[in-house]
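Below is one structure; the comments refer to it alone.
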Amino acid sequence: MYETGRAWVELNMEHLRHNVRLFQRLLPEGCVLMPAVKANAYGHGAVPVAEELQKLGICNYCVASAGEGATLRQAGIRGQILVLGYTHPRDFELLRACSLTQTVVNHDYGRELAAYGKELQVHVGIDTGMHRLGEPWDELSRIRRLWECRNLRITGVYSHLCTSDGSSEEDRAYVRLQEQRFQEVIRRLRGEGKVFSAHLQGSYGILNGERLSGEYEYARAGISLYGVLSSPSGRLQGSYDLRPVASLKARLACVREVDKGEKAGYGLSWQAGSRRRIAAVSIGYADGFPRALSNRGHALVRGLRVPVVGRVCMDQLLLDVTEAEGVQAGDEAVLIGKSRDQEIRAEDLAEEAGTISNEILSRLGDRLIRVAV
Ligand SMILES: *Cc1c(COP(=O)(O)O)cnc(C)c1O
């Protein structure tokens, strides 16, 4: 048995299916979607999301770690699972046991993978200017030597864009520069008869795709597949009908009246300017609702947008529900999502908290159950 009534994430699987179809139409022929389901599918729940994607015929996924890949395999997810991040040599066995595809984070790491002594499937990361993972694009002889490692079964080569969500001319120019470098590498490797799939774009690389000219076998969509952009402004060239998959909801535990001048919460950081009704809600920063939204955030109750008052606690927060008629204990508060004609989008909440929706969603905690609706 598990708790279902306190605080939860509702997953609108119809919206997920819609977003998948939208991307499939957007991508050119020959380019398949490789959804990023890392960080528990951006907080949505890696297993329910990957199961739904599998039903839709998706057969390539990317995750951040070998452990995340193993979780998907244990849940029966088939197809290719690419580990985008670093895996320590002590976990190479896990890569094999779960048939995961590992990123070669640079040439030296490729040697370590090869030294493991058993065949591993890999994609080679190329650093085209982000300077995070990948062998530098201009180290062609070192890149080429990876193909001489007998234990490495290289099936892909990829890079990652770091300014594709930007709208300035400088950002666009950097996208073009990264792509030119990447194209140069794959042209040279293919010219030598090497056969592999190439991929470059994440969400913004797809949605701002007219900036790219090359052809790619995979597109690694993350945040946008969940129907969300990183920030409200979005910085997109076009407009797309992305539909948010997750709603975040919690229950009102109790409602009380406080007199004018009364203070509330830790540190008594909020004071009632008049007689107010305040509600304690069963969700807090341990569930992923940012403490930074103390005395700043909002929630929806009975279709009304109401303010967070006082400091957000670990497991609870307070709302001023004076204006919401008929509010009572047991009512739902919507932290992300819709209530009647009102909506709080993850992008809006993230902006209020001074971050991006990726961080808000990926930090949604374990205590929240994920319910498909
Ligand atoms: C997280 C990640 C993605 C997905 O990025 P989104 O912007 O969420 O679409 C793609 N590629 C790499 C290498 C990543 O780390």
Side-chain angles (χ1 to χ4, degrees), residues 16 19-20 22-24 26-27 31-44 46 49-50 53 58 60-66 68-69 72 80-87 100-106 109 122-135 137 156-167 171 175 178-179 182 197-209 211-212 216-237 240 242 244-246 346-347 350 355-364:
L16 181 65
N19 298 332
V20 167
L22 186 142
F23 276 102
Q24 287 173 334
L26 219 54
L27 293 172
C31 182
V32 302
L33 206 54
M34 183 192 261
V37 291
K38 61 193 183 183
N40 202 23
Y42 293 51
H44 292 67
V49 166
L53 293 170
I58 299 287
N60 297 278
Y61 307 85
C62 42
V63 294
S65 68
E68 289 180 344
L72 293 184
Q80 171 166 251
I81 301 177
L82 171 63
V83 178
L84 297 168
Y86 171 80
T87 301
L100 305 175
T101 303
Q102 173 60 42
T103 294
V104 178
V105 306
N106 64 11
Y109 183 74
V122 299
H123 284 200
V124 173
I126 307 293
D127 176 15
T128 54
M130 183 175 182
H131 307 321
R132 189 175 65 176
L133 297 184
E135 181 64 17
W137 68 281
V157 176
Y158 77 96
S159 189
H160 193 49
L161 301 169
C162 57
T163 63
S164 57
D165 63 339
S167 52
D171 288 335
V175 168
Q178 283 195 277
E179 187 181 34
F182 186 57
S197 300
H199 46 114
L200 179 64
Q201 307 132 286
S203 292
Y204 281 88
I206 303 166
L207 297 172
N208 287 330
R211 298 177 187 181
L212 300 175
Y216 303 102
E217 280 72 37
Y218 299 117
R220 306 182 305 264
I223 190 70
S224 56
L225 208 59
Y226 306 102
V228 175
L229 295 172
S230 293
S231 56
S233 36
R235 295 187 200 86
L236 293 182
Q237 303 304 102
Y240 301 92
L242 297 173
V245 176
E347 293 94 326
T355 183
I356 57 174
S357 54
N358 310 45
E359 181 178 359
I360 297 294
L361 293 172
S362 65
R363 296 178 74 149
L364 293 176

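When reading the values below, keep in mind they use all heavy atoms of this one structure, side chains included, and skip hydrogens, waters and symmetry mates. One-based numbering, in listed order, for ligands and for the atoms of each. In this chain, residues are counted from 1 in sequence order.
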>> For a 4.5 angstrom cut-off between non-hydrogen side-chain atoms, does I223 reach I356?
In response: no
> Mind checking whether Q102 and Y109 have side chains closer than 4.5 Å, heavy atoms only?
Replying inline: yes
> Are the side chain of Q178 and the backbone of C162 linked by a donor-acceptor contact shorter than 3.5 Å?
Replying inline: yes
>> Donor-acceptor pair, distance only, cut-off 3.5 Å: does the side chain of R220 make one with the backbone of P35?
In response: no
>> Any atom of ligand 1 sitting under 4.0 Å from a heavy atom of R132?
In response: yes
>> Within the structure, is a non-hydrogen atom of S224 found at a distance of less than 4.0 Å from ligand 1?
In response: no
Considering non-hydrogen atoms of the protein only, which is the closest contact for [atom], and what is the distance?
atom	value
atom 8 (O) of ligand 1	Y42 OH, 2.5 Å
atom 10 (C) of ligand 1	R220 NE, 3.4 Å
atom 12 (C) of ligand 1	H160 CE1, 3.3 Å
atom 9 (O) of ligand 1	S203 OG, 2.5 Å

> Is I223 close to ligand 1, meaning an N/O of one under 3.5 Å from an N/O of the other?
Replying inline: yes
> Looking only at distance, does G222 have an N or O less than 3.5 Å from an N or O of ligand 1?
Replying inline: yes
>> The test is side-chain hydrogen bond (donor to acceptor under 3.5 Å, both in side chains); show your working for T103 and Y158 and say whether it passes.
In response: CA-CA 9 Å; T103 294; Y158 77 96; 2.7 Å; yes
>> Taking ring pair (Phe, Tyr, Trp, His ring centres under 6.0 Å) as the definition, give me every residue that meets it alongside Y218, ordered by chain and number, with sequence neighbours left out.
In response: H199
>> Applying ring pair (Phe, Tyr, Trp, His ring centres under 6.0 Å), can you list everything that pairs with Y240, at least two apart in sequence or on another chain?
In response: none
>> Which of the numbered atoms in ligand 1 are under 4.0 angstrom from any heavy atom belonging to K38?
In response: 1 (C), 2 (C), 3 (C), 14 (C), 15 (O)
